[in-house]
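So you know, we letter chains A, B, ... as the sequences are listed, proteins then strands, and number each from 1.
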Amino acid sequence: MIDLKSLRENPQRYKDGCLKKGFTAIDLDRILRLDEQRRKALTEMESLRAEQKRIEKDLGPQIGKLQGAIKKAAGDDERATLTAELDAMKARPAALKAQVTSFEQVLQEIDPQLHALLLEVPLPPDADVPVGASADDNVEIRRWNPPGFDPAKSFEAQRGFRPKSHIEIVRDLGLADFERGVKIGGTRHYVLTGDGMRLHQAVLRYAFDTMANAHGFTPVSVPVIVREEMMVGTGFFPAGREQAYHIEESKRGGGHDMFLTGTGEVGLMGLYQGEIIDESRLPLKLVTLSTCFRREAGAAGKDTAGLYRIHQFDKVEQVVICRADEQESRRWHKDMIGFVESILRSLEIPHRLLQCCTGDLGPKNADMIDIESWMPGRGEVDASGAPSGAYGETHSASRLYDYQCRRLNMRYRAGGDSGKGETHVCHSLNNTVIASPRVLIPLLENHQTRDGRVRIPEVLRPAMNGQEFIG
RNA sequence: GGUGCGGUGGCUGAGUGGCCGAAAGCACUCGACUUGAAAUCGAGCAGGCCCGCAAGGGCCUCGGGGGUUCGAAUCCUCCCCGCACCGCCA
């Protein structure tokens with residue numbers, strides 16, 4: 001959520017942000033009008049209430065005494081006199097209370113509207129993010145290729161044989177069973193089998209261990225079934241509501257609904273929701289391995305075959321929660337991307353970094369870097385039946401300033417615990433470490449051999465029982 | 001699923017109608033003592049919002065909503081959440 005005060009002070013910044021991100025339906029002027037109305041009503045209500053409270057405090061003891069006197073009153077006449085006096089005394093605060101109530105009603109009308117609108121305002125992109133309409137306008141930052149390989153030239157020219165797609169590889173080597181996956185779970189489901197499952201586990205374990213052991217991230221497990229509050233807090237709702245599986249427990253008479261998370265980010269960010277963290281504990285560096293669920297609504301017909309776009313996968317996710325400092329945020333963003341680049345290099349996967357343009361950012365990001373891995377089996381197929389190869393997204397690194405933490409009410413106190421320091425809203429960042437089985441696509445396709453086997457990168461061999469090849 | 005208990009500040013925990021935004025302890029901050037530290041002593045210390053150039057003032061919040069009352073952390077009511085034991089069970 002954006003900071004309403006900041007919107008008041010600089011509406012143009014947010015209008016530009018909406019424009020750049022392509023959020024044309026957001027009516028900031030309406031928000032500003034509602035805010036204006038709300039504050040006006042609030043100010044009046046508060047002063048009336050202050051007056052009411054002052055009078056009540058004055059009158060309280062007198063009322064008490066009068067009530068006592070009425071009980072003890074000797075005759076009906078005396079009692080009537082006293083009762084009239086009491087009623088007169090009560091009339092003044094009562095009149096004020098009626099006025100207060102009318103302002104309260106105005107506020108009760110405005111507040112939910114204002115809040116709902118505010119949740120939809122996107123975080124403006126940073127000034128150094130290129131302006132663009134869609135992913136087509138993303139800008140390549142850099143590439144990395146293993147020695148002796150260049151995706152600009154054909155796979156066949158460099159390696160001496162025509163590449164198979166991962167779909168062919170898993171079929172030929174018995175690494176996955178799509179038919180049975182679909183039988184069990186429906187479309188976009190799969191079953192990993194044999195070395196397919198072992199490779200999946202190996203790459204996840206390797207990525208997880210690298211973050212926890214080499215980079216000092218705190219390993220945690222997180223719930224993947226969460227309350228709606230967490231989906232809203234992390235900024236996935238309301239915009240991405242259609243993308244999440246919804247468990248309607250309320251319809252069965254149970255507590256309330258829950259949602260399956262599409263990324264471990266939700267659980268990691270939820271960890272400290274509503275808390276005030278001692279500054280000395282920052283930054284929080286967290287890594288989790290979680291199963292992710294995505295409905296892929298609106299992707300009908302896209303990437304229907306293979307392991308690319310599926311409803312359920314596993315992902316190692318890194319999150320950093322740090323002080324509200326732009327430079328520190330930016331530094332973590334670079335570092336987190338660096339961790340991933342070194343993992344991809346060790347896996348010998350050609351990849352490139354893309355600076356996402358404003359139109360590709362989504363509501364919660366100020367800045368986002370995608371990493372795409374080279375997939376020889378993707379892309380156009382030529383007349384002879386050979387695929388051109390193409391980059392496919394495997395990672396996404398987001399920088400969100402305080403957008404998420406404000407929604408989650410996650411703050412830190414400068415200085416000591418409960419000391420005099422002010423509270424600030426934390427900054428947060430997140431980045432994929434490895435998502436599998438999608439990463440199996442570049443892994444299998446790049447490391448396939450002329451004789452139909454797959455060479456396992458050295459770093460994965462310990463988790464593959466020392467095995468050098470699949471097949 | 002059954003029964004019982006509970007939700008108060010960063011934490012523990014007192015508080016059953018006004019003296020309570022809230023005792024006490026811990027933690028923390030500052031100061032004194034000390035060569036330094038510990039211990040001790042003194043002071044401070046909830047969050048948010050609104051008005052205001054500021055100084056300052058005000059309002060809200062004791063899980064959440066609604067209600068009773070001149071007045072609610074305290075009484076009533078509905079909801080949410082948590083814990084314990086029993087049953088079932090990976």
Side-chain angles (χ1 to χ4, degrees), chain A residues 1 3-9 32 34-71 82-112 114-115 118 221 223 225-230 232-233 248-258 270-282 284 291 402 405-426:
Chain A
M1 184 152 58
D3 180 7
L4 180 55
K5 275 184 200 158
S6 162
L7 173 66
R8 279 205 288 262
E9 283 161 17
L32 290 167
L34 284 172
D35 175 49
E36 183 87 40
Q37 288 167 21
R38 192 188 83 94
R39 281 185 299 152
K40 217 171 149 190
L42 189 65
T43 305
E44 296 208 43
M45 187 200 75
E46 284 182 355
S47 73
L48 285 168
R49 181 168 281 164
E51 175 73 8
Q52 181 201 347
K53 285 180 74 166
R54 204 175 313 126
I55 293 173
E56 276 167 8
K57 211 160 198 178
D58 260 20
L59 254 41
Q62 300 178 48
I63 288 173
K65 264 187 222 162
L66 261 180
Q67 279 169 340
I70 290 171
K71 270 185 203 158
L82 291 172
T83 306
E85 204 177 318
L86 180 65
D87 290 345
M89 215 175 261
K90 287 180 178 177
R92 271 207 295 163
L96 282 167
K97 193 178 179 178
Q99 281 181 278
V100 167
T101 305
S102 77
F103 280 110
E104 259 175 355
Q105 279 164 356
V106 173
L107 289 172
Q108 271 174 17
E109 176 86 7
I110 294 174
D111 277 340
L114 186 58
H115 188 245
L118 220 41
S221 82
I225 306 173
V226 303
R227 303 179 193 179
E228 181 164 7
E229 203 183 338
M230 293 303 164
V232 174
E248 295 184 289
E249 276 299 289
S250 60
K251 282 198 173 165
R252 308 173 64 181
H256 53 65
D257 291 2
M258 287 170 295
L271 234 34
Y272 295 94
Q273 184 261 109
E275 299 193 22
I276 299 175
I277 304 164
D278 181 4
E279 184 179 9
S280 64
R281 290 179 58 204
L282 298 180
L284 299 168
T291 302
D402 59 6
C405 294
R406 187 180 304 283
R407 286 172 166 246
L408 287 163
N409 192 25
M410 187 193 251
R411 292 161 295 169
Y412 67 94
R413 189 187 305 282
D417 255 349
S418 299
K420 285 199 169 167
E422 286 182 18
T423 58
H424 303 278
V425 180
C426 305

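- Base pairing annotation: B:G1 forms a Watson-Crick or G-U wobble pair with B:C86, both donor-acceptor distances under 3.5 Å.
- Distance check on atom C1': B:C85 versus B:C28 gives 39 Å, rounded to whole Å.
- Of the candidate nucleotides B:G71, B:G47, B:C50, B:C50 has the atom nearest to the side chain of A:L42.
- Taking only side-chain nitrogens and oxygens, A:K53 comes nearer than 4.0 Å to OP1 or OP2 of B:C60.
- Panel note: side chain A:D257, backbone A:E249; a donor-acceptor pair is recorded below 3.5 Å.
- Looking at heavy atoms from C-beta onward, A:L284 lies in side-chain contact with A:Y272 at the 4.5 angstrom threshold.
- Residue-level contact check: A:K40 touches neither bases nor backbone, having no heavy atom under 4.0 Å from any strand.
- Proximity note for A:R227 (side chain, C-beta onward) versus B:C51, B:C81, B:G47: the nearest is B:C81.
- Pair assignment for B:G36: none, as no Watson-Crick or G-U wobble contacts are both less than 3.5 Å.
- Residues meeting the side-chain contact (heavy atoms from CB on, under 4.5 Å) test with A:E46, sequence neighbours left out: A:L42.
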What pairs of nitrogen or oxygen atoms, one from the protein and one from nucleotides 88-90 of chain B, lie under 3.5 Å apart?
none

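- With a 3.5 Å ceiling on both atom-pair distances, the Watson-Crick or G-U wobble partner of B:C49 is B:G58.
- For the pair A:E51 and A:T43, nearest-nucleotide mapping onto RNA chain B gives the more 5' position to A:T43.
- Pairing of B:A72, defined by two Watson-Crick or G-U wobble distances under 3.5 Å, is not identified with any nucleotide.
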Test salt bridge (charged side-chain N to carboxylate O under 4.0 Å, His left out) on A:R39 and A:E44; report intermediate values, then the result. CA-CA 9 Å; A:R39 281 185 299 152; A:E44 296 208 43; over 6 Å; no
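- Remark: A:R39 is in phosphate contact with B:C51, judged by side-chain N or O atoms under 4.0 Å from OP1 or OP2.
- When all heavy atoms are compared, the tightest approach of A:M258 to A:I225 is CB-CG2, 3.6 Å.
- Side-chain atoms of A:R413 never come within 3.5 Å of backbone atoms of A:I276 as a donor-acceptor pair (strictly under, hydrogens ignored).
- For A:S102, there are no side chain to side chain donor-acceptor pair (under 3.5 Å) partners two or more places apart in sequence or in a different chain.
- If you take atom C1' in B:G64 and the same atom in B:C88, they sit 32 Å apart, rounded to whole Å.
- Between A:T423 and the phosphate of B:G48, there is a side-chain N or O to OP1/OP2 separation shorter than 4.0 Å.
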Can you name the atoms? Protein N/O to nucleotides 53-58 of chain B N/O, anything below 3.5 Å, with the distance.
{"residue": "B:G58", "atom": "N2", "partner": "A:E46", "partner atom": "OE1", "Å": "3.2"}
{"residue": "B:G58", "atom": "N2", "partner": "A:E46", "partner atom": "OE2", "Å": "3.4"}

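- Between the C1' atoms of B:G63 and B:G6, the separation comes to 11 Å (whole Å).
- Taking atom CZ of A:R413 as the reference point, atom C1' of B:G44 lies 13 Å away to the nearest angstrom.
- The structure places CG of A:L408 at 10.0 Å from SG of A:C426, a figure rounded to the nearest 0.5 Å.
- Between the CZ atom of A:R281 and the P atom of B:A27 there is a distance of 18 Å, rounded to whole Å.
- Pair assignment for B:G44 gives B:C28, based on Watson-Crick or G-U wobble hydrogen-bonding distances that are each under 3.5 Å.
- Rounded to whole Å, the distance from CD1 on A:I277 to P on B:G47 is 15 Å.
- On the C1' atoms, B:U77 is 10 Å away from B:U68, given to the nearest whole Å.
- In this view, A:E109 satisfies the salt bridge (Lys or Arg N to Asp or Glu O under 4.0 Å) rule with no residue, not counting sequence neighbours.
- Atom P of B:G17 sits at a distance of 43 Å from the matching atom of B:A54, rounded to the whole Å.
- Between the CE atom of A:M258 and the C1' atom of B:C81 there is a distance of 13 Å, rounded to whole Å.
- Spacing between atom CG of A:D3 and atom C1' of B:G48 amounts to 13 Å, rounded to whole angstrom units.
- Rounded to whole angstrom, the span from the CD1 atom of A:I55 across to the C1' atom of B:U69 amounts to 17 Å.
- Distance check, rounded to the nearest 0.5 Å: CD1 of A:I110 to NZ of A:K40 gives 10.5 Å.
- Checking the phosphate oxygens (OP1, OP2) of B:G71, a side-chain nitrogen or oxygen of A:K97 falls inside 4.0 Å.
- With sequence neighbours left out, A:E9 forms a salt bridge (Lys or Arg N to Asp or Glu O under 4.0 Å) with no residue at all.
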Start with the C-alpha gap between A:R407 and A:N409, add the side-chain angles, then the distance that decides, and say whether side chain to side chain donor-acceptor pair (under 3.5 Å) holds. CA-CA 5 Å; A:R407 286 172 166 246; A:N409 192 25; over 6 Å; no
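- The same atom, C1', is picked in B:C51 and in B:C33; the two are 45 Å apart, to the nearest Å.
- One P atom belongs to B:A43, the other to B:G25, and the distance between them is 12 Å to the nearest Å.
- Going from the P atom of B:U61 to that of B:A22 covers 14 Å, rounded to whole Å.
- Nucleotide B:G66 holds its P atom 6 Å from the CD atom of A:Q108, rounded to whole Å.
- The interatomic distance linking A:M45 (CE) with B:C51 (C1') rounds to 13 Å, in whole Å.
- If you check every strand for non-hydrogen atoms under 4.0 Å, A:R406 touches nothing.
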